[in-house]
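First up is the structure itself, then whatever we jot down about it.
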There are 2 protein chains.
Amino acid sequence: MANPDEAGTNKAAEKPTPVKEVTMKEVAAHAGVALSSVSRVLNDHSDVSESMRKQVLDAIEAVGYEPNLLASSLRRGSTKTVGFIANDISNPLFAEIAMGAERRLNEAGYSMVLTNSEGNPERDEALIRLLRWRRIDGLILSVADEEREGTTAELAKLSEPVVLIDRQVRGADEASAVLSDHANGMRAAIDHLLDLGHRRVSLISGRPGLRPVRERVNGFKAAFRARGLDLPEDLLKFDSFSATFGQQATHELLAADDPPTAIVAGGNLLLIGVLRALQAAGRTVGTDISLVSCDDVPLTELHSPPITVIDRDAEQMGEAAAELLLKLLAGGDGPLVTEIPTSLIRRASTQPGPAG
Amino acid sequence: MANPDEAGTNKAAEKPTPVKEVTMKEVAAHAGVALSSVSRVLNDHSDVSESMRKQVLDAIEAVGYEPNLLASSLRRGSTKTVGFIANDISNPLFAEIAMGAERRLNEAGYSMVLTNSEGNPERDEALIRLLRWRRIDGLILSVADEEREGTTAELAKLSEPVVLIDRQVRGADEASAVLSDHANGMRAAIDHLLDLGHRRVSLISGRPGLRPVRERVNGFKAAFRARGLDLPEDLLKFDSFSATFGQQATHELLAADDPPTAIVAGGNLLLIGVLRALQAAGRTVGTDISLVSCDDVPLTELHSPPITVIDRDAEQMGEAAAELLLKLLAGGDGPLVTEIPTSLIRRASTQPGPAG
DNA sequence: TGTGTTACTGGAAACGTTGCCAATACGCTG
DNA sequence: CAGCGTATTGGCAACGTTTCCAGTAACACA
C-alpha cells in the first residue's frame, strides 16, 4: 500500500514462503540419474563411476542442493552429535571444559550441542530428556545433584554412552567419568597453610552432596588428621557455589568469636564473594588473612596480592571427557574413568599465620 | 578367543545393540488404536475422546515410548530450535548473552543450541552451514568477521531469520541486530579522562573491522574533536581482543618516547594483558597511570584499585536478541534493531592526569 | 555362442512422524 | 423412518534420506 510498486513485484511478495526445499530428488532429476546414485555420490561410496560423480556434483551445484541432516539422521539412526550439559556456562571454568570437549569431538567428526542447566536439577532432567528425544549419540554432563532420583532415572533411560564431569552417581564405578583430584589438591593447600602456622583454617564450598565438595573436605580432613590436629568444625561452611554465599559465609566468619586466620574458597565464584566481604570488612588479603582459592582464573593471578590457588587443566578435562565418550561410542565397554591432577600454585595471598 | 567364557555369555555379547526403538506404532498396537490417534493425543489436538486419551497415555507409559524429535521435525518442517554461534564462550560476557537468549527462547518453547566459533571466521562459516543443514528455525550470532565474503554468502543461503549481536554486515540495515551503544560509552569515558586532565590517552582494541571497535573509535574521536584536541594517533592500537595483544601493546606503549598517561582497554580479555604488562613494568594503576576497561567483570570490581568501566547489560542483550528473533519467527518482517545503552562506572583506577 | 564375472545403476522399502480425507457411529430433527 | 450434523476415529500419503536387492551392460574366457 505504502509501496506503489508494479504488480509483478507485488505478486512476488504475496507468496510468504511456500519455497519448496531442494532435495536429492531434484538433483537426481537434473542430473538424469536415480536418487540412489545421488546418495552414493554424497556419501562417497565405492562403485560410482567418475562420470556419474561429476554429473551429480554438477547437478548439486546447479540446483543449490543442501543436505537435510534431519532426514539423514532419521534414516541412519545416528545423529553424529553429542550433548553437553553445563552447570553454568558463565563460569569460565566450565566454558573451557566445554571448549576442550568440543574441539576433540569435532576432530572425530562429531558435533556438540551445548546446553546450560544453570545448576538447576529440574532443568538438568528436562535437558537430558530433550537431548534423548533429539537422539544424540552420547552425553557429557556434570549433574547438578548427584543424589536426585529423577536425574538418575532420566540418565538410565538413555541407552547411549554418558560421561560425567567431576561427578559420581550411586554405585561408585557404574558410570564413566572424568574426575579431578580435588582431595590431593586440597590436602596440599591445607598442608601449606598449616606449615605457615595457621590452625584456624576455614573452608567455604558448595553443597556437600557434590563430589568436588566431598573430595575437598576429605583432603582438608586428611591434612589435619595427619598432624594430629582437631578439625575446626565451626569454620566449615557449605551451601552453594555462588558469590553471594561466599560473601555471606565470610561475613559470618569474620564476625565470630574466634575468626579464621586463613580461608579457602572452594570455587571460583565463591572467591568473588569472599573478596567482597573481606574488602567490606577492611581486611587486607595476605597480611590480615591468608587466602586460597580453587581454579586459576584471571582474577586470582591479577589480584593484589595474587591469590594462591589449587589449579587444574580445565581444557584437558574437556578433552579427556570427549576422549572417553569417543571410546565408548566406538564400542568400548565398561565404565572408563580418567583422573585429572591438581596442583598448588603458591602466591602472595598466603602468608605466615599466628603460630608461624 | 582370549576369553574362555561359556557359549551362552558369548551369544549375548554377539548382539551389539539391535534394540529396536519403541515407536508410536507400538503404542498404537498396545492401546489397540490407530497410529494417527496416538499422534492426536500426543499433540493434544481437539476431537479426542477422554477414553481415547487415557487409553493412549496408559499405553505410552506401559511400553515406555519416547518421541523421536528427528522424525517429528522432518515431518513438521520445523525444529523449534534456534542456533547461537558465540565467538568465545570462555568469555563470561558472551556466556551471559547466551544465557539471556536461551532463557527467553525457552520461555517461548524454543530450544537453543550453542556453538563456539572461537573467533575463527572459517569455523563461523562451517557452523552456519552445519546449523542450516540441521534445519534450525533461526540463528543468533556475532560473526567473527563482518566483511568476509564467505560468511555473508553462508548467511544469505539461510532463509530463516537471523539476529546479529553487535555486528552489522554490508548495507547497514539489511539485517536485524542487537547493538550496544559503544560510541556513547566510549565518549563518556574519554570525556571523563579529559576532564581529569589526561591528553595522552591510549585505546587498545580488536580488529578495526568489527563494529564494537569502529564504534569505540568513533566515540573516542568525538570526545577529542569536541574539545578541539588532536587525536593521539600513535596511541591507538588495534589488532585482536586477546590478552596477549593487550600485553604486547601495553608493553610497546610504555616503552615509547611519549607514553600515555591513561589507557582504555577495549575488551575484557585485553584488560588482562594490559594489567600483566603494567605489573611487569612496575606501574601502579591509578597513581602511575589511569585505566578504563570495557564490561564489568569480577576482575574490574575486585582489582585494587577497582577499575573504571564502560558497562552494559549482557544478559539483556541476549534477551533482546531472542526477542527480536521470536518476532521474526512469528512472521514479523523487516530488519529489527535494538540498541542497548552503555554506562560509565567510575572507580579509583582513573585519577587526575598531568594537566589536571 | 554361451557363461561367468565385474562394475555400475535403478527401484523400492524402510526410518518415525504428522495431517489430510474418508469412514463410522451416534443422536437428533422433521 | 429418512436425513443430517457432529464427534471421533482409521487409513494413507507424505517428509528427505539410506540401503538392500536386482538388473544391466561390458567384457573376458572357453
Side-chain angles (χ1 to χ4, degrees), chain A residues 17-57 59-60 63-81 130 132-137 159, chain B residues 17-57 59-60 63-81 130 132-137 159:
Chain A
T17 341
V19 276
K20 201 60 167 42
E21 174 158 18
V22 178
T23 77
M24 284 172 44
K25 205 153 98 189
E26 274 76 83
V27 176
H30 190 275
V33 303
L35 200 55
S36 45
S37 296
V38 178
S39 173
R40 271 186 294 258
V41 169
L42 283 170
N43 300 285
D44 43 42
H45 273 253
S46 53
D47 294 345
V48 306
S49 68
E50 209 37 60
S51 68
M52 168 68 85
R53 159 163 281 108
K54 186 168 179 336
Q55 211 173 338
V56 169
L57 258 25
I60 286 176
V63 302
Y65 168 73
E66 303 250 334
N68 185 326
L69 260 33
L70 291 174
S72 124
S73 296
L74 172 61
R75 177 57 231 243
R76 260 201 254 262
S78 141
T79 50
K80 277 290 186 183
T81 298
L130 179 65
R132 191 150 32 84
W133 290 1
R134 281 259 169 76
R135 297 300 190 266
I136 48 159
D137 290 347
S159 51
Chain B
T17 342
V19 277
K20 200 61 167 40
E21 175 158 15
V22 178
T23 78
M24 284 172 45
K25 206 152 96 190
E26 275 76 81
V27 176
H30 189 274
V33 303
L35 199 55
S36 46
S37 295
V38 178
S39 173
R40 269 186 295 259
V41 170
L42 282 171
N43 301 285
D44 43 42
H45 273 255
S46 53
D47 293 345
V48 306
S49 69
E50 209 37 61
S51 67
M52 169 68 86
R53 158 164 281 107
K54 187 168 178 333
Q55 211 172 338
V56 169
L57 258 26
I60 286 177
V63 302
Y65 168 74
E66 304 252 333
N68 184 328
L69 259 34
L70 291 173
S72 136
S73 298
L74 173 61
R75 176 59 231 245
R76 261 200 255 259
S78 140
T79 51
K80 277 290 189 183
T81 298
L130 178 65
R132 191 149 33 83
W133 290 2
R134 281 259 170 77
R135 298 300 191 265
I136 47 159
D137 290 346
S159 51

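For A71(A), taking side-chain heavy atoms from C-beta onward, the closest of the listed nucleotides dT17(D), dG10(D), dT9(C) is dT17(D).
Residue R135(B) contributes atom CZ, which lies 17 Å from atom C1' of dT17(C) at whole-angstrom precision. The separation between N68(B) atom CG and dC15(C) atom P is 12 Å, rounded to whole Å. What separates CG of L70(B) from C1' of dA14(C) is a distance of 16 Å, to the nearest Å. As a whole-Å value, the separation of H45(B) NE2 from dG10(D) C1' is 15 Å. As a whole-Å value, the separation of L74(B) CG from dT18(D) C1' is 13 Å. The CZ atom of R76(B) sits 20 Å away from the P atom of dA14(D) (whole-angstrom rounding). Distance, R53(A) CZ to dC8(C) C1': 13 Å, rounded to whole Å. Following rounding to the nearest Å, D47(B) (CG) and dG19(C) (P) show an atom-to-atom distance of 14 Å.
Contacts of Q55(A) with the nucleic acid, taken as non-hydrogen atoms under 4.0 Å apart, are absent. Within 4.0 Å (heavy atoms only), T23(B) reaches sugar-phosphate atoms of the nucleic acid but no base atom. Contact annotation for E66(A): backbone-only contact, meaning every heavy-atom pair under 4.0 Å involves sugar-phosphate atoms and none involves a base.
Considering all non-hydrogen atoms of both residues, E26(B) and V63(B) come closest at O-CG1, 4.5 Å.
Under 3.5 Å, the side chains of R134(B) and T81(A) contain a donor-acceptor pair of N or O atoms.
Between the OG atom in S73(A) and the CD1 atom in I136(A) there is a gap of 12.5 Å [rounded to 0.5 Å].
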